[in-house]
Amino acid sequence: MQNFEFYGPTRVVFGKDTIKELSRLIPKDRKILMTYGGGSIKKNGVYDQVKKALEGFDVLEFGGIEPNPKYETLAKAVEIVKKEGVNFLLAVGGGSVLDGTKFIALASKYDGDDAYDAILVRGELPNSAVELADVITLPATGSEMNNGGVISRLATKEKLAFHSPYVFPKFSIIDPSVTFSLPVKQTINGIVDTFVHTMEFNCTYDVNSPLQDIWAMGILRTLISEAPKVLANPSDYGARANLFWCATCGLNYWISCGVPQDWSTHMIGHELTAFYGIDHGQSLAIVQPRLLRNQKVAKAFKLAKIAREVFKVNESVDLKAADIAIDKIEEFYNSIGMKTKLADYGINSLEAAEKIRARFSERNTVLGENGTINADVAYEIVKAC
Ligand code: NZQ
Ligand code: ZN
């Protein structure tokens with residue numbers, strides 16, 4: 001196992017009827033900015049539950065944070081935080097609202113003109129952030145228990161990630177029953193996102209980490225067993241709860257302790273979203289099978305383990321088992337209704353491959369646990385999508 005340092009300061013409050021705990025968890029003297037998205041929380045009763053729990057608190061609101069949150073929108077919230085002296089941010093929504101709020105928290109401590117350029121492009125992060133917490137409503141990103149965020153900029157068609165120890169949520173309220181209202185597409189996106197997070201952390205090369213491997217395989221197996229249940233019955237609380245906990249544990253860094261990682265499916269997927277606007281989960285389902293195929297030899301040991309321990313494949317030759325694992329993963333995505341080809345989304349693979357090669361060349365991007373995915377390899381992967 002490799003050396004590691006783990007830090008996870010977020011309090012998780014999980015279960016039915018937990019939104020009311022807000023009044024206990026937020027100090028009474030805080031000036032709160034409640035952030036949310038396009039209105040789902042007003043339709044499914046979450047907004048009312050939050051407002052009720054915050055009766056007597058000093059609360060401002062900022063709605064309209066879009067999926068793949070945009071800097072152009074978030075900059076307006078930063079102005080409010082600075083002008084009104086907000087000292088607590090409460091994100092109520094999916095990963096996009098939470099990521100956007102993490103950015104607002106950091107950018108509010110930045111004094112220059114262009115916080116996107118500083119934080120996302122140049123990586124010059126402020127040494128503090130406004131305190132933040134969340135009521136997370138979509139199981140996917142794990143943002144509720146991690147220190148990352150992904151922000152898009154309309155003007156430049158960019159989508160970039162940042163990490164800061166100051167944006168771990170102070171607490172996250174996870175009530176799985178708020179996910180009954182998710183559109184099927186978002187449920188599926190979340191399942192695929194969680195599956196891919198787990199693989200990005202685990203599917204590299206072996207460093208003798210059986211506990212982390214078993215945790216990761218446990219997440220993959222749980223996703224496979226619970227996905228059909230929520231699709232058949234969207235109000236199945238037990239299955240919704242299991243999916244949410246998988247999503248949280250898929251990206252709260254437990255499974256990444258002491259193991260090499262590979263975030264190349266995400267990095268290529270972010271470009272597809274930036275150029276073509278497809279959902280994050282969709283972008284991953286398209287890229288991952290082709291990327292795994294391209295990197296099969298380097299990843300054969302872990303892929304074979306996934307074939308045998310997740311998909312119960314009886315094949316003793318690693319390379320053959322690896323091939324089967326990749327097929328099974330794509331079959332699983334298709335079985336839950338996720339399309340896995342660029343053409344399914346009306347995107348020309350050659351054009352996409354060329355755009356991504358040009359961008360990666362310009363940035364000198366090199367990806368993969370062994371640093372083998374450069375602009376030309378990314379081109380081959382996307383062309384095959
Ligand atoms: O905007 P509203 O009206 O709230 O509707 C949202 C949105 O349209 C809706 N929704 C959310 N919860 C709902 C609901 N609808 C009904 N009932 C509910 N309970 O779902 C739509 C999608 O929401 P969004 O927040 O965009 O989805 P998700 O949570 O998948 O977040 C995606 C974003 O997170 C980033 C992605 O790149 C993307 O920008 N990621 C963040 C990560 C992190 N912070 O660690 C890691 C991930 O790999 C990912 O990159
Ligand atoms: Zn993701």
Side-chain angles (χ1 to χ4, degrees), residues 10 19 35-47 49-50 62-71 73-74 91-103 120 132 134-153 158-164 167-169 172 174-201 230 234-235 240 243-244 247-248 250-253 256 261 263-274 277-285 287-288:
T10 301
I19 294 178
T35 53
Y36 56 94
S40 70
I41 63 164
K42 293 199 169 159
K43 292 189 201 122
N44 62 11
V46 171
Y47 177 86
Q49 290 186 60
V50 171
F62 183 83
I65 298 178
E66 53 284 269
N68 307 306
K70 307 293 182 287
Y71 169 64
T73 303
L74 304 171
V92 184
S96 292
V97 172
L98 180 48
D99 282 10
T101 304
K102 289 176 174 179
F103 179 79
L120 278 305
L132 72 105
D134 62 274
V135 175
I136 186 84
T137 64
L138 199 166
T141 60
S143 190
E144 63 274 17
M145 216 176 151
N146 72 37
N147 64 341
V150 189
I151 307 298
S152 299
R153 185 170 204 164
E158 281 173 301
K159 183 176 184 193
L160 296 170
F162 68 93
H163 293 88
S164 159
V167 301
F168 277 105
S172 290
I174 306 175
D175 179 345
S177 46
V178 310
T179 65
F180 295 169
S181 60
L182 276 172
V184 179
K185 181 177 90 152
Q186 298 302 345
T187 298
I188 297 168
N189 279 341
I191 293 165
V192 172
D193 197 16
T194 303
F195 201 98
V196 176
H197 294 159
T198 308
M199 299 251 333
E200 305 266 47
F201 278 132
V230 295
S235 306
R240 288 287 194 187
L243 280 186
F244 222 137
T248 306
L251 193 27
N252 66 358
Y253 307 123
S256 69
Q261 311 172 22
W263 286 84
S264 45
T265 294
H266 269 70
M267 293 304 119
I268 298 172
H270 286 341
E271 297 305 329
L272 289 176
T273 299
I278 56 173
D279 295 349
H280 176 61
Q282 295 170 337
S283 76
L284 304 176
V287 173
Q288 192 200 32

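In each ligand, atom 1 is the first atom listed, and ligand 1 is the first ligand listed. No hydrogens, no waters, no symmetry mates; every other heavy atom, side chains included, goes into these values. Worth saying up front: this structure is predicted, and the values here are computed from it rather than measured.
For ligand 1, the atoms closer than 4.0 angstrom to any heavy atom of L251 are 45 (O), 46 (C). Close approach of ligand 1 to P67 is summarised as follows: ligand atoms under 4.0 Å from at least one heavy atom of the residue are 7 (C), 8 (O), 26 (O). Atoms of ligand 1 found under 4.0 Å from any heavy atom of N44 (numbered from 1 in listed order, with element): 17 (N), 18 (C), 19 (N). Ligand 1 places these atoms under 4.0 Å from at least one heavy atom of G37: 1 (O). Each of the following atoms of ligand 1 lies closer than 4.0 Å to a heavy atom of A140: 30 (O). When each atom of ligand 1 is checked for a heavy atom of G95 under 4.0 Å away, the hits are 25 (O), 28 (P), 29 (O), 31 (O). Atoms of ligand 1 lying under 4.0 Å from at least one heavy atom of P183, given by number and element, are 15 (N), 16 (C). Residue-ligand proximity, S40 to ligand 1, at heavy-atom distances under 4.0 Å covers atoms 2 (P), 3 (O), 4 (O), 5 (O), 10 (N), 13 (C), 14 (C), 15 (N), 16 (C).
At a heavy-atom distance under 4.0 Å, only side-chain atoms of N146, from C-beta outward, approach ligand 1. With a heavy-atom cut-off of 4.0 Å, D193 touches ligand 1 through its side chain alone.
In summary, of the residues considered (N189, T273, D193), a side-chain hydrogen bond (donor to acceptor under 3.5 Å, both in side chains) with H280 occurs for D193 alone.
Within the 3.5 Å criterion, the main-chain N or O of P234 finds a donor-acceptor partner in the side chain of R240.
Proximity of L182 to N44: side-chain heavy atoms (C-beta onward) are nowhere separated by under 4.5 Å.
Summary of contacts: the protein heavy atom closest to atom 34 (O) of ligand 1 is T141 CG2, 3.2 Å.
Under the 4.0 angstrom criterion for non-hydrogen atoms, N189 is not in contact with ligand 1.
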